[in-house]
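Within every chain, numbering begins at 1; the chains are lettered A, B, ... in the order of the sequence lines, protein sequences first and strands thereafter.
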Amino acid sequence: MPRITVTVDGITYEEEVEPRLLLVHLLRDRLGKTGTPVGCDTSNCGACTVLLDGRSAKSCSVLAVQADGSDVVTIEGLAQGGEWHPMQKAFHTEHALQCGYCTPGMIMAAIDLLRDDPDPSEEAVRKGLEGNLCRCTGYCNIVRAVRRGAQEMSQARQEREVPAS
Amino acid sequence: MSEELDAGLVAEQIAESGRLGEPSGAREVGRARRRKEDARLVTGRTTWTDNIQLPGMLYMAFLRSPMAHARITRVDTSAARGRPGVVAVYSGQDLADEQGSLPCAWPVTEDIVIPDHPPMAVREVRYAGEAVACVVATDRYKAADALEAIEVDYEPLAAVTDMTEALAEDAPLVHESGNRAFTWKFAGGDIDAAFRDAPVVIERTYVQQRLIPTAMEPRAVVATTDGDDFTLYSATQIPHVLRVMLALTTGIPEHKLRVVAPDVGGGFGSKLQVTAEEVLALLVTRRLGKPVKWTESRSEGNLTVHHGRDQLQRISLAAERDGRLRGVRVDLLADMGAYLMLVTPGVPLLGAFMYNGIYKMDAYDFTCTGVFTTKMPTDAYRGAGRPEATFAIERAMDELAHELGLDPVEVRRRSWITHQEFPYETICGLTYDSGNYEAATDKALALFGYDKLRAEQTDRRERRDPVQLGIGVSTYTEMCGLAPSRVLGSLSYGAGGWEHATVRMLPTGKVEVVTGTSPHGQGHETAWSQIAADALGVPFGDVAVLHGDTAISHKGMDTYGSRSLVVGGVAVLAACEKVKDKARQLAAHMLEAAADDVEFADGSFTVRGTAEGKTIQELALAAFAAHDLPDGVEPGLDAEATFDPDNFSFPHGTHLCAVEVDTETGACAIRSYVAVDDVGSVVNPLIVEGQVHGGIAQGIGQALFEEAVHDSEGNLLTTTMADYLIPSAADLPDFTTGRTETPATSNPLGVKGVGEAGTIASTPAVVNAVVDALRPYGVHDVRMPCTPERIWRLVAEAGAPAPAATAGTGEPAASGAGETTTSASTPEESAR
Ligand code: FES
Ligand code: FES
């Protein structure tokens, strides 16, 4: 069985895996990273989205062996020092979740979306999240949350760049 | 948000909903509290059933029938048993003696046929996806591998997927007893008189296509045993009902069975069920003495989660020439699928009371035939019966408006119950306690910018713009807060509709609320905390809400049908009142005053006219210590209450939708959507708004995207999310929501329920809009889902548009496409 090294939420793991093992099952069943759920078996729903070397990836369509040497961030690794990521806060503030099953994937996809477009229009958010399905919210509040998260992230960046005197 | 929306009104609405600021004052109820449950959900610390790992746990996988209808002549599991990691393999026959029959708790008529429904098929399979054998192995991959080694010989039998065909004399029989499960009739007033010499009669046939509920979390079950004690974790909406039913089905004594619903990732009715997999997980854990887990894949789920809708509705309206309704007649075929599951037969009957909608009429007549077909059974899906009913009446009202050359809003005004007429006893014998259809409609029209959009529509029609604008309205009411138990009993429902709560003040003054409701996204922890915080005068953060575990919450009727707040939330309030009564006695004793002289405000009991008092927290500690209790008062400050209201509740509202339909491609895009709902008093406006949004999205899903499609052999063609399309963010607009507030009179909170409102109202609003756009082309119906292909074909067949029509009314049939008053569009005609 192939041996892989993968860093998940800052911790490096060495694992022997079957070649067919999906990354999402490695995370969930082997490493106990159950914050990332599975919603489909056709890469349609986006519930399993994680950041793989900084870009969003549907972890149900990545083999664990493909993640060898990679850095994975899941929803469980987003908060820093007990402080939620601005996108987590924005989802809470805008009531952008109900059952919450799609939420980890939505948040990870949203963060990646902002890498390309730090201030997306409503339409850009809607297009950007097309691969992440939510059955509860009707998306209005998700869109609001992503835009709020974007604002807060850019504010945080500015504050970092221009330290208050 | 489209520019037609009145910005001022929208801002007012938003402010009202609490989005821009929270009302000041100490009251929690009515405040847009952010949810307590979010913390675990946004950080991934959730307990989904599939997250549960128990030592020594095994995985189950099911071999499912590839045929819709066949006799099983041989099942050979021997090769599978030898596979690596395989612990056990069972066929239906292996478990035949223990597996019982899955329950149907709603025998709607005395002569109903309730076929035996083994969790795993023994002799015959009756729908594609029915479980035939199961493997238990050490991991999920090995379990799936071993399925391939099971050999099953099937002798194919004829499938029947269409209800009308299933009722034909020579139809293949799903069950030996015949394909008719029941016929249920219901009438009020003299229907023949209403139709006799009626100046206008509208007859239509509508197809409620089969839907797949598609909660984002697939179903999952973990069963474990410790000697003769059993625990079942399940992604279920109904842990309490499930426990009773599983005890009856498996023979595990109820007091030895604990059912836990951990975090549940959506339900929409699909987890209101007693499933084969839940029963089988218990049986297998009993046999092996080890914990077992089963998690469905999405494609497995599309086959085997109960489906929704699937009805064929014939509706006739008799009306005066001024538009006033005389009577409504409904003849309904309801597809039961192959078996009757928990409430399968009850779903169409819930609709029976709603085809009259918000309208006054002299007579009503309803007949429903439940039909067996070789498909997955249907059961509750968001709204359960009521969206179907609302769709039929609201589509038919548009046809009436068209026939009479009236504006669709105006035709509704002519027959609806006015606000002065409440309480109003309907032709169906229900008493609508409160409502104000005028107010909700006026507000919706203003938010929508109705007149401006109608003007644009006229302009586009005159210009023969290839992109036509359609405007759709739907007004609705629904029957929520399922209770009263007495009434449910009279409808042959197998359980009650009450709800239970326990409220405990802990020694330190904090509060535990235990509820019998079982949320899966509705925010009960937050809303119930708000109710308890106000009632007891304690901080919101000092309340914890416990639910979803029969070992903790010992009594309940669970969550479905917009009943949680209306029945369960009120039970919380009632239990708080009891706690306060006890605290008052204790305060009177400690303050040496008469109980009547003790007043309660802001969490303190004081003697009238003095500053002397005790906080409720001090009283909680005193009740715990019990050093000085009055005679006959038991230690502890806690109480239980059960609430069983004496009427349903009746939320209502008006939804408006503007759709742009490209007549050259058939594509349609929702341009704006306005929903004004009256859900009575509001506990948390943020949660209400969220529920409305989600409901609208699901209703739009039915109108435009979703359909479970079977081929003639009975194979499901939409097994994945690539084939069964639910709306994505890119498919939907921003919704504008507003509220009117007419409190319910049947409960002290004045609440009505909101979970289903959006779904009920949106489907007809959208389809009415699509049809409205196509009227100039002589198109008067589009079968759901209104896909681009369907629309394109209808337009292509209709040819060039008729001359431009009058704004606001479409064109009267007489001058338009020449459709006669009573022509029924058959499903075949409209199905293209
Ligand atoms: S679970 Fe990965 S996309 Fe659905
Ligand atoms: S919140 Fe339930 S699926 Fe998105």
Trainee: For B:Q53, which atoms come within 4.5 Å of any heavy atom of chain A: side chain, backbone, both, or neither?
Mentor: side chain
Trainee: Among A:C140, A:G35, A:A96, which has the most heavy-atom pairs under 4.5 Å with chain B?
Mentor: A:C140
Trainee: Quick one: what part of A:L97 sits under 4.5 Å from any heavy atom of chain B, side chain, backbone, both or neither?
Mentor: both
Trainee: Is B:Q691 in contact with chain A via its backbone, its side chain, both, or neither, using a 4.5 Å heavy-atom distance?
Mentor: both
Trainee: A:V143, A:T103, A:L133: which one forms the most heavy-atom pairs within less than 4.5 Å of chain B?
Mentor: A:L133
Trainee: Heavy-atom distance under 4.5 Å to chain A: side chain of B:R35, backbone, both or neither?
Mentor: both
Trainee: Please rank A:L129, A:I75, A:D41 by heavy-atom pairs under 4.5 Å with chain B and give me the top one.
Mentor: A:D41
Trainee: What I want to check is whether the side chains of B:H655 and B:D677 have a donor and an acceptor closer together than 3.5 Å.
Mentor: yes
Trainee: Strictly less than 4.5 Å between heavy atoms, which residues of residues 519-526 of chain B line up against chain A? Please order them by number.
Mentor: B:H520, B:G521
Trainee: Is A:Y101 close to chain B through its backbone or its side chain, or both, or neither, when contacts mean heavy atoms under 4.5 Å?
Mentor: both
Trainee: Considering only heavy atoms from C-beta outward, does the side chain of B:R382 approach that of B:L211 to under 4.5 Å?
Mentor: no
Trainee: Going by atom types alone, do B:Y141 and A:E18 pair a side-chain donor with an acceptor below 3.5 Å?
Mentor: no
Trainee: Heavy-atom distance under 4.5 Å to chain B: side chain of A:T42, backbone, both or neither?
Mentor: side chain
Trainee: Which region of B:L732, side chain (C-beta onward) or backbone (N, CA, C, O), has a non-hydrogen atom less than 4.5 Å from a non-hydrogen atom of chain A, or is it both or neither?
Mentor: both
Trainee: Would a 4.5 Å heavy-atom cut-off, applied to side chains only, mark A:V72 and A:L51 as touching?
Mentor: no
Trainee: I'd like to know which of B:G701, B:S297, B:A697, B:G301 tops the heavy-atom pair count under 4.5 Å against chain A.
Mentor: B:S297
Trainee: Could you tell me which of B:I726, B:D731, B:D263 has the largest number of non-hydrogen atom pairs under 4.5 Å with chain A?
Mentor: B:I726
Trainee: Which is it for A:R55 and A:D116 under the salt bridge (Lys or Arg N to Asp or Glu O under 4.0 Å) test, yes or no, and what are the steps along the way?
Mentor: CA-CA 10 Å; A:R55 298 316 303 241; A:D116 298 328; 2.9 Å; yes
Trainee: For each of B:A730, B:A39, B:G758, B:G266, tally heavy-atom pairs with chain A at distances under 4.5 Å, and name the one with the top tally.
Mentor: B:A730
Trainee: Regarding B:S562 and B:E756, do their side chains bring together a donor and an acceptor under 3.5 Å, going by distance alone?
Mentor: yes
Trainee: Going through the distances and angles, do A:R148 and A:N141 end up as a side-chain contact (heavy atoms from CB on, under 4.5 Å)?
Mentor: CA-CA 10 Å; A:R148 173 188 283 267; A:N141 292 353; over 6 Å; no
Trainee: Please rank B:E706, B:R45, B:E300, B:E296 by heavy-atom pairs under 4.5 Å with chain A and give me the top one.
Mentor: B:E706
Trainee: For B:R219 and B:S270, which I'm curious about, is there any donor-acceptor pair between the side chains at under 3.5 Å?
Mentor: no
Trainee: Using a heavy-atom distance cut-off of less than 4.5 Å, which residues of residues 2-10 of chain A contact chain B?
Mentor: none
Trainee: Tell me which of these, A:V125, A:L21, A:D29, A:T36, has more heavy-atom pairs under 4.5 Å with chain B than the rest.
Mentor: A:D29
Trainee: Does any heavy atom of chain A fall under 4.5 Å from the side chain of B:R140, the backbone, both, or neither of them?
Mentor: side chain
Trainee: Most heavy-atom pairs under 4.5 angstrom with chain B, which of A:R28, A:E123, A:E130, A:R135?
Mentor: A:R135
Trainee: Do B:D723 and B:T718 have a side chain donor and acceptor closer than 3.5 Å?
Mentor: no
Trainee: Could you pull out the closest heavy-atom pair between A:C45 and B:M721, with the gap in Å?
Mentor: CB-SD, 3.7 Å
Trainee: Tell me, for B:V264 versus chain A, whether the close heavy atoms (under 4.5 Å) come from the side chain, the backbone, both or neither.
Mentor: backbone
Trainee: Does any heavy atom of chain B fall under 4.5 Å from the side chain of A:H25, the backbone, both, or neither of them?
Mentor: side chain
Trainee: Rounded to the nearest 0.5 Å, what's the gap from OG on B:S762 to NE2 on B:H693? Could you check?
Mentor: 12.0 Å
Trainee: Heavy-atom pairs under 4.5 Å with chain A: which of B:T46, B:V692, B:I687 has the most?
Mentor: B:I687
Trainee: Can you see whether B:T720 engages B:S299 through a side-chain donor-acceptor pair at a distance of less than 3.5 angstrom?
Mentor: no
Trainee: May I ask you to say whether B:D145 pairs ionically with B:R83, meaning some side-chain N is under 4.0 Å from a carboxylate O?
Mentor: no
